[in-house]
Amino acid sequence: MTAGPAHPHPAADQGTAGLLTVLAGMLLTTLALMTVAAATDVGMAAARARTAADAAALAAAGTSPLAGGEGGPRPAAALLAEANGARLVGCCSAAAEGRTLDVEVVVGVAPRLAMVRARTGLVRARAAASVRPDGEAVDPAVLALLGGDLLDRPAADAGRLHRPVHGHVSSGYGPRVHPVSGRRRRHTGADFAAPSGTPVVAADAGLVTSARWRGGYGKTVTIDHGDGLATLYAHQSDLVAAPGTRVHRGQVIGAVGCTGVCTGPHLHFEVHRAGRPVDPLPYLR
Amino acid sequence: MLLPGIVLLLTLVLHAGLVGLDLVVAQGLAREAARTAAVDSDEAVRQALDAAAGRRPVELRVDPPAARRQPGETVTVRLRVRSRAFAAFGAHVWLPAEATMRVEHR
């Protein structure tokens with residue numbers, strides 16, 4: 001009686017192991033190349049979107065009534081966005097400061113890879129261009145003439161948001177002398193005076209994108225409501241909402257305080273449309 | 001046998017990444033060149049491009065040329081940038097990019 005070998009086919013085992021190693025290597029390489037391709041696709045879409053947004057914003061500003069251009073800003077912006085492989089998503093939000101008119105556009109570029117496109121949708125970019133004509137301050141009528149998606153939104157969304165706190169408006173949106181610095185600058189939100197500890201509630205349902213200390217804003221919560229609309233709640237004494245969680249309309253997210261740069265307890269409330277602060281009051285009920 | 005294979009695959013992935021990076025760089029250069037073309041001469045475009053591209057070889061075409069550019073019309077810059085990817089192996093990969101801007105008053 002003779003004992004058999006422990007491994008009847010050692011050469012075959014080695015061959016199988018080698019094959020598996022090669023297959024694993026090929027799989028890992030394929031995954032790595034797919035990751036690189038996806039990252040490149042998104043990066044390229046973002047770069048093309050930036051180019052298109054710049055071109056569209058410059059065209060919109062250059063054809064605005066203030067610049068005396070022909071054809072109007074929206075068609076010009078759409079043409080330039082398309083020429084750069086993008087789609088005009090928003091045009092032409094405008095803001096005037098003295099003699100300068102800022103015209104803003106938003107464009108989107110679809111990534112080329114279907115897999116990436118399905119995950120990211122349009123990669124967007126926003127850009128603004130200024131017109132500074134000689135002469136008088138920008139006439140509000142010029143802003144009205146510009147028209148456009150972003151300008152129309154406040155009317156469409158009027159009353160969409162819940163009042164974030166019980167209290168009177170102590171300072172509105174727009175140019176003002178800063179109570180601490182003494183400098184004249186634009187106030188990017190509305191202040192609601194209320195006793196410290198008064199509950200602050202979400203103006204609408206959405207995703208809490210951050211809840212943290214933010215420099216002069218103090219303890220701050222930001223909420224993304226989708227459709228390009230976001231809100232910000234600053235100077236709070238306490239933060240209840242956690243980043244990454246969803247909140248419903250009217251849900252308590254914190255408490256009024258005086259953290260950051262402030263002179264007394266109040267809520268600084270901002271509404272952002274397409275990433276840019278707008279006057280919050282028309283949005284409130 | 002295994003180590004050279006791993007090195008080869010890693011090199012492939014690295015150079016694919018370089019291609020991706022250079023594509024984004026090329027797009028940025030095209031934007032810069034188109035912005036210059038919208039307000040200045042073809043020579044200024046070339047200078048701006050050379051300043052932005054550094055030592056990367058770039059082929060440039062501006063359409064229409066400066067003499068025929070009219071305010072309010074569009075100008076398109078098409079360029080090709082030679083990527084750093086695979087250069088070590090003697091291969092030259094040229095990456096295209098283009099950007100269009102509205103011609104402004106000079």
Hey, which residues of residues 21-36 of chain B are touching chain A, say heavy atoms under 4.5 Å apart?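 Listed by number: B:L23, B:V24, B:Q27, B:R31, B:R35.
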
Mind checking which of residues 77-85 of chain B sit less than 4.5 Å from chain A, heavy atom to heavy atom? none

Among residues 109-119 of chain A, which residues come closer than 4.5 Å to chain B, judged by heavy atom distances?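 Listed by number: none.
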
Neighbour count >12 (heavy atoms, 6.0 Å) for atom CZ, A:R124: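 Not buried by this count: 12 neighbours or fewer within 6.0 Å.
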
Please check if the number of heavy atoms outside B:R56 that lie under 6.0 Å from its CZ is greater than 12. yes

If you define the side chain from C-beta out and look only at heavy atoms, does anything of B:R102 sit under 4.5 Å from A:L58?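 Sidechains of A:L58 and B:R102: no contact.
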
Could you check if a side-chain atom of B:V13 sits within less than 4.5 angstrom of a side-chain atom of A:V36, using non-hydrogen atoms only?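 Heavy-atom side-chain distance check passes, below 4.5 Å.
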
Side-chain (A:N84) to main-chain (B:A99) donor-acceptor, under 3.5 angstrom: no

Pairs in or reaching into residues 5-16 of chain B: which pass salt bridge (charged side-chain N to carboxylate O under 4.0 Å, His left out), with residues at least two apart or in two chains? none

Determine the option with the most heavy-atom pairs under 4.5 angstrom with chain B, choosing from A:T40, A:T51, A:L79, A:T29.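 Greatest number of close heavy-atom pairs with chain B: A:T51.
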
If you compare all heavy atoms of [X] against all heavy atoms of [Y], which two are closest, and at what distance to 0.1 Å?
{"X": "B:T74", "Y": "A:L80", "value": "CG2-CD2, 4.0 Å"}
{"X": "A:L33", "Y": "B:A16", "value": "CD2-CB, 3.7 Å"}
{"X": "A:G25", "Y": "B:L9", "value": "O-CD1, 3.8 Å"}

